[in-house]
A.B. asks: 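The structure that follows is given in the form of C-alpha cells.
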Amino acid sequence: MTKTNEHIKLNQIEQLLNYLITLIQTQQQELKSNGLVTQKELLKILNISPNTLKSWENTGLRRLEPPIENTRTVYYKMEDVINYLTP
C-alpha cells in the first residue's frame, strides 16, 4: 500500500470514529438517563458486531456486570464508551 492509500484509509477510519462519537453523544442526550446501556443496545446504537465490542473490551473499554448471581446482562456507561473512542 502506498503512503497516499494509507493516508486515505487513516482519514476514513478517523471519519468513522468521529461519526461514532457523534452518534453516541446524540444517543446519550436523547436517553437523558443514568448513561447506562445494555450490550445489546450499544451494539445496535453503534451498528457494530459483538466481536468488535469484545476487541474494545480487550483494549480497555470497561464493561459493567451487576453483582446479582445468574444475571448475564452486561452494561456500559456511555461516558466510558465516548472516552474510549476519543483519542
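Both backbone and side-chain heavy atoms feed into the values below; hydrogens, waters and symmetry mates do not.
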A.B. asks: Atom CD1 in Ile13, atom CG in Asn11: separation rounded to 0.5 Å?
C.D. replies: 9.5 Å

A.B. asks: Kindly work out whether a path of hydrophobic side-chain contacts (I/L/V/M/F/W/Y, heavy atoms less than 4.5 Å apart) joins Leu10 to Leu20.
C.D. replies: no

A.B. asks: Would you tell me whether Ser55 and Thr52 have side-chain atoms, one donor and one acceptor, within less than 3.5 Å of each other?
C.D. replies: no

A.B. asks: If you count every heavy atom of other residues, nucleotides or ligands that lies below 6.0 Å from Asn47 atom CG, does the total exceed 12?
C.D. replies: no

A.B. asks: Tell me, do Leu17 and Glu14 make a side-chain contact under 4.5 Å, heavy atoms counted?
C.D. replies: no

A.B. asks: Less than 4.5 Å apart, any side-chain heavy atom of Tyr19 and any of Ile21?
C.D. replies: no

A.B. asks: Are Leu53 and Leu43 packed together at the side-chain level, in the sense that at least one heavy-atom pair is separated by less than 4.5 angstrom?
C.D. replies: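 Yes, at least one pair of side-chain atoms sits under 4.5 Å.
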
A.B. asks: Under the salt bridge (Lys or Arg N to Asp or Glu O under 4.0 Å) rule, what pairs show up with a residue in residues 40-54, not counting sequence neighbours?
C.D. replies: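 Listed by first then second residue: Lys54-Glu57.
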
A.B. asks: Ignoring hydrogens, what is the shortest heavy-atom contact between Arg63 and Tyr76? Give both atom names and the distance.
C.D. replies: CB-CE2, 3.6 Å

A.B. asks: If every non-hydrogen atom of Ile45 is compared with every non-hydrogen atom of Leu23, which pair is closest and at what distance?
C.D. replies: O-CD1, 4.0 Å

A.B. asks: Identify whether Val81 and Leu16 are in the same connected component of the hydrophobic contact network (ILVMFWY, side-chain heavy atoms under 4.5 Å).
C.D. replies: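 Unlinked, Val81 and Leu16 end up in two clusters.
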
A.B. asks: Working to the nearest 0.5 angstrom, can you tell me the gap between Leu42 CG and Leu36 CG?
C.D. replies: 11.5 Å

A.B. asks: Roughly how far, to the nearest 0.5 Å, is CD of Gln39 from CG of Leu64?
C.D. replies: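 Between atom CG of Leu64 and atom CD of Gln39 there are 11.5 Å.
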
